[in-house]
Amino acid sequence: MVSRPRRSVYVPQEIEPKWQKAWADQGVLTAADSSPKPKFYDLVMYPYPSGDLTVGHARNYVMGDVLARMKRMQGFEVLHPFGWDAFGLPAENAAMKRGGGLHPAKWTRDNIAKGKRELKLMGILYDWDREVSTCEPDYYRWTQWLFLLMLERGLAYRAMAPVNWCPVDKTVLANEQVINGRCWRHPDVEVEKRDLEQWFLKITDYADRLLDDLAQLDQWPQKVRVMQTNWIGRSVGTEVDFAVDGMAGESIRIYTTRPDTLFGATFMVLAPEHPLVERVTTEKHRARVRDYVEKARKETEIERLSTEREKSGVATGAFAINPVNGEKIPIWVADYVLVTYGTGAIMAVPAHDERDFEFARRYDLPIREVIAPPAGPQKMLREAYLGQGKMVNSGEYNGLDSTVAFDRICDALEKKGLGKRAIKFRLRDWLISRQRYWGAPIPVVYCPRDGIVPVPKDQLPVELPEEYRPLAENPSFYETTCPKCDGPARRETDTMDTFIDSSWYFLRYASPHDPAEPFDSELANHWMPVDQYTGGVEHAILHLLYSRFFTKVLYDAGLVAVTEPFVRLFNQGMVKRFGQVMSKSAGNGVSIDELAGSAGADAGRIYEMFIGPPEEDVEWTEAGLNGVVKFLQRVWRLVLEPESVVAEGGEAGVSAVDVSVLRRKVAQTVGKVTEHYDELRFNTAVAFLMELANTMQDYLRGGGARDAEWDSAVRTLVSVLNPLAPHACEEMWQRLGEKGLIADAPWPVFDPAVAAEPKVVLVVQVAGKLRDRLEVEPGLSEADAVKAALASEKVRAALDPQGWVGGQWVGYTGW
RNA sequence: GUCGGCGUGGCGGAAUGGCAGACGCGCCAGCCUUAGGAGCUGGUGCCCGAAAGGGCGUGGAGGUUCAAAUCCUCUCGCCGACACCA
């Protein structure tokens with residue numbers, strides 16, 4: 001049965017396509033590079049074109065769109081671009097897994113087309129003229145160019161690195177593709193560790209700046225800044241040389257953050273990969289040490305780094321001399337020491353380090369306390385004491401505070417040339433080589449005569465061959481000539497990590513078609529920095545750290561004027577359904593087509609904003625969506641058919657909303673909604689709009705005239721609702737007889753004088769308890785307020801018999 | 001283990017030192033009816049009460065304050081990140 005609307009009813013399907021076309025035809029969100037208006041760069045993290053876009057993914061795009069539309073109405077020239085992180089393992093894997101032999105390029109481009117259509121269906125406006133796709137040669141040409149820039153600046157280098165290797169596929173795997181130590185495609189094949197020469201970027205050169213500049217990012221979530229701080233992991237300590245006993249000239253350099261515990265070192269530990277292991281090991285211990293090192297190398301990274309596991313190690317038979325007291329201490333090899341951090345060797349102070357303590361207990365090594373806790377020396381050493389305290393068992397330093405001894409010991413070591421202060425970072429250089437087809441080829445050539453030769457910039461891009469097959473097995477790709485000597489040479493067959501593609505895409509948007517350079521510096525400097533960057537918290541470290549690194553390198557190269565790319569960062573929550581993150585593959589996704597075909601894109605947009613706080617994960621429900629549909633329908637009627645709102649038979653007794661209340665509510669709503677959109681507090685912004693609609697309805701019911709005041713209220717409601725529900729608002733705007741698009745209409749101006757309440761409620765508390773509420777003039781003096789309060793029967797009753805608390809006025813609320 | 005976040009009605013949530021529960025969902029009662037997955041009115045934290053009114057109430061226990069969901073200490077629970085970085 002078809003329900004028969006008696007009035008013109010809001011039918012989203014009839015209006016949404018029409019306005020989407022109008023916006024596209026009029027280029028509504030096309031950003032002009034030269035505009036007298038102030039710029040606003042509104043960016044959302046571009047996605048992998050994985051083809052499973054749902055209303056869940058659309059949520060953060062809607063956030064960006066609401067802001068873009070408001071900023072535009074407020075008179076900003078808004079840059080709101082979109083693009084595709086189209087290269088990389090996810091695209092390639094998906095092509096292999098789901099595409100049934102489909103070429104990654106075809107698969108990717110098809111998904112881009114699908115995704116683009118769906119975003120338009122949601123009414124999200126991007127400047128599609130600026131769309132970038134990282135897998136296209138006119139994009140990755142510049143990714144390669146930037147790699148060469150890194151190379152020129154000494155920031156790209158080759159080095160041996162242990163990597164995860166799948167013996168069946170004959171390829172390196174990303175960490176994410178190693179599941180329980182096995183290849184994701186061959187669950188019965190264990191991944192091997194291999195040493196391979198790989199390309200790295202020297203992000204560690206920028207560790208200090210990446211850390212220090214976090215302080216400027218005061219509009220980033222605290223959480224992300226803390227995560228980056230921890231990831232960079234700056235520590236202050238000392239390097240100390242321990243001579244190897246009986247081996248003249250041989251010494252082991254260690255790094256410690258606690259030189260004050262030097263007297264407590266009772267053994268030393270080398271990482272299994274430490275180059276001195278072979279040399280210091282005595283004949284008697286050689287076989288056991290070799291076994292141990294061999295075993296350690298076979299273990300996966302995950303096993304090696306597990307803190308759960310009991311520590312293991314072997315003695316080398318060698319001894320070292322503690323430089324502060326001449327003591328002979330044994331040298332061990334143990335895999336709890338990492339060759340990649342510090343110097344790959346440590347002095348072990350079991351009394352004051354948990355890990356050394358555990359190891360000493362296991363192998364029955366001595367434990368000597370050298371820092372006494374404030375409560376005095378521990379009689380029974382049951383656990384390591386990590387804090388500061390008075391020095392004991394430390395020769396001339398005894399009795400000093402350990403924080404003082406720290407510096408004295410460092411000074412003494414430096415004077416004798418046995419050590420020096422050092423700063424270490426946890427951050428490692430960025431391994432960017434990927435043995436994959438679907439990526440930007442690293443633009444270098446290996447020449448037997450000239451060695452590593454960069455491909456000249458004017459010969460870029462090094463294009464991916466059409467044929468989908470490993471580059472290292474494709475002679476027509478790798479067989480080439482040396483750009484220097486013209487002799488036969490071999491191309492690099494590794495491609496770049498996709499995080500490189502995404503480390504600069506926000507700059508390409510400034511001049512996406514520039515044929516001569518990655519971006520036009522002048523335009524980049526015009527649009528940068530990004531004013532609002534919205535995306536998932538899963539990129540808190542990787543993408544955001546890499547982008548910051550790239551920006552700083554480009555700043556140093558004089559190509560951009562900013563040192564930080566993103567002024568304000570926002571991490572939105574995920575949309576769940578039936579308790580699980582919404583996705584097509586999980587089978588709980590709501591597609592954008594479904595939404596547009598039922599409740600409509602506008603209701604979907606409002607619902608995505610109203611569903612909960614933007615940073616929280618939220619649960620999608622049909623009931624919640626329905627509530628928003630009803631709200632939109634009510635607005636529709638208020639705006640277009642106010643006569644239908646007043647029920648037949650009059651509305652006597654309806655709470656009176658007179659015109660001054662209406663006028664005030666409208667002004668207050670403008671103020672609050674503007675503020676809350678700006679702060680991305682969309683859920684409460686929607687609530688304010690609902691309140692306004694309720695007030696307007698009450699006004700009509702109470703017999704309010706549909707005069708100029710009403711007309712103004714209606715237009716204001718439509719204007720401030722527009723960023724959330726742009727199709728419906730365009731339609732209402734037109735039907736109201738307004739000329740032009742509401743997308744181009746000016747944003748209502750907040751007038752605090754109109755918004756001010758003529759009367760306020762003075763809430764009187766006595767001894768912390770609410771006693772009365774009085775209607776008073778706003779801004780009345782303290783004395784008058786007290787007087788008014790004391791005039792209240794209820795207040796006086798509360799005061800008696802104890803009297804006025806403290807005998808004085810302390811404050812009031814409800815202003 | 002370390003760091004961080006979060007605990008508020010039946011539900012999503014609002015309030016960031018000053019009226020707890022805005023707004024919405026759901027539910028209850030009623031109205032209207034073209035009988036709908038529609039619209040409207042009123043109610044809806046808990047307890048006592050016919051009502052007026054009173055008491056209690058933001059995971060728990062203390063504390064600071066005239067005043068605490070909000071600040072502090074401890075504690076329980078859930079979630080997230082990092083996890084041998086010397």
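Just so we're on the same page: letters track the sequence lines, and every chain starts at 1. Atoms considered below: every heavy atom in the structure, side chains included; atoms not considered: hydrogens, waters and symmetry mates.
Applying the Watson-Crick and G-U wobble criteria (two distances, each under 3.5 Å), A69(B) pairs with nothing in any strand. Judged by Watson-Crick or G-U wobble contacts below 3.5 Å, the nucleotide G10(B) has C25(B) as its partner. Checking G57(B) for Watson-Crick or G-U wobble geometry (two distances, each under 3.5 Å) identifies no partner in any strand. Remark: U2(B) base-pairs with A81(B); criterion is Watson-Crick or G-U wobble with both hydrogen-bond distances under 3.5 Å. Shown here, A51(B) forms no base pair; nothing in the strands shown gives a Watson-Crick or G-U wobble contact with both key distances under 3.5 Å. Base-pair partner of A15(B): not found among the strands shown (Watson-Crick or G-U wobble, both distances under 3.5 Å). With both pairing distances under 3.5 Å, G30(B) is matched to C40(B) as a Watson-Crick or G-U wobble pair.
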Report each atom pair, protein N/O against N/O of nucleotides 22-25 of chain B, whose distance is under 3.5 angstrom.
residue	atom	partner	partner atom	Å
A22(B)	O2'	Glu691(A)	OE2	2.9
G24(B)	OP1	Asn694(A)	ND2	3.2

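Summarising the geometry of Ile606(A) relative to Ala725(A), their closest heavy-atom pair is CD1-CB, 3.8 Å, with the distance given to 0.1 Å. Here the shortest heavy-atom pairing between Ala271(A) and Val277(A) reads O-CG2, 3.5 Å.
As a whole-Å value, the separation of Lys223(A) NZ from C3(B) P is 16 Å. The CG atom of Asp260(A) sits 13 Å away from the C1' atom of A86(B) (whole-angstrom rounding). We find that CD of Gln633(A) is positioned 12 Å from C1' of G36(B), with the value rounded to whole Å. In this entry the distance linking CD of Glu675(A) with C1' of A15(B) reads 14 Å, nearest Å. Atom-to-atom, CD of Glu641(A) to C1' of G39(B) comes out at 13 Å; the value is rounded to the nearest Å. Whole-Å rounding puts the Asp698(A) CG to C40(B) C1' distance at 12 Å. Remark: P of G80(B) and CD of Glu615(A) are 17 Å apart, rounded to the nearest angstrom. With rounding to whole Å, Asp617(A) atom CG is found 13 Å from G12(B) atom C1'.
Rounded to whole Å, the C1' atom of G62(B) lies 37 Å from the corresponding atom of G24(B). The separation of A15(B) from A67(B), taken at their P atoms, amounts to 25 Å, rounded to a whole angstrom. Taking atom C1' on both nucleotides, C19(B) is separated from U58(B) by 15 Å, rounded to a whole Å. Atom name P, nucleotides G60(B) and G10(B): the rounded distance is 14 Å, in whole Å. C3(B) and A83(B) have their C1' atoms separated by 10 Å, given to the nearest Å. The C1' atoms of C11(B) and U16(B) are separated by 24 Å, rounded to the nearest whole Å. When the C1' atom is used for both G26(B) and G37(B), the distance is 15 Å, rounded to whole Å. Spacing between A14(B) and G30(B) at atom C1', rounded to whole Å, works out to 29 Å.
Counting only heavy atoms from C-beta on, Tyr255(A) has its side chain closest to A86(B) among C82(B), A86(B), G39(B). Counting only heavy atoms from C-beta on, Val337(A) has its side chain closest to A86(B) among C3(B), A86(B), G39(B). Looking at the side chain of Tyr341(A), the nearest of the listed nucleotides U41(B), A83(B), A86(B) is A86(B). Of all nucleotides listed (A83(B), A86(B), G13(B)), A83(B) comes nearest to the side chain of Trp231(A).
In this structure, Phe267(A) and Trp332(A) have perpendicular ring planes: the angle between them is above 60°, well past the 30° mark. A perpendicular orientation is assigned to the rings of Phe499(A) and His539(A), their planes being inclined by more than 60° (bins at 30° and 60°). Note on ring orientation: taking the six-membered ring where Trp is involved, the planes of Phe359(A) and Tyr336(A) are tilted (angle from 30° to 60°).
Nucleotide G9(B) is shown with a syn base, its glycosidic torsion being within 90° of 0.
If you check every strand for non-hydrogen atoms under 4.0 Å, Ile611(A) touches sugar and phosphate atoms only. Residue contacts shown for Val349(A) are absent, as no nucleic acid heavy atom lies under 4.0 Å away.
At least one side-chain nitrogen or oxygen of Arg681(A) sits closer than 4.0 Å to the OP1 or OP2 atom of A15(B). At C40(B), one or more side-chain N or O atoms of Gln697(A) fall inside 4.0 Å of OP1 or OP2 (strictly under the cut-off). Residue Arg701(A) has a polar side-chain atom (N or O) positioned under 4.0 Å from OP1 or OP2 of U41(B).
Side-chain atoms of Gln222(A) and Arg225(A) include a donor-acceptor pair closer than 3.5 Å. Judged by distance alone, the side chains of Arg634(A) and Gln697(A) do bring a donor and an acceptor atom under 3.5 Å apart. In summary, the side chains of Thr261(A) and His352(A) do not present any donor paired with an acceptor at a separation below 3.5 Å, with no hydrogens or angles considered.
Position along RNA chain B of the nearest nucleotide to Arg258(A) versus Asn230(A) favours Asn230(A) as the more 5'-ward residue. Where Phe425(A) and Gly612(A) meet RNA chain B, the nucleotide closest to each residue was compared, and Gly612(A) sits on the side nearer the 5' end.
Between Arg421(A) and Asp407(A) a salt bridge is recorded (basic side-chain N to carboxylate O distance below 4.0 Å).
Taking CG of Leu632(A) as the start and NZ of Lys630(A) as the end, the distance is 13.0 Å to the nearest 0.5 Å.
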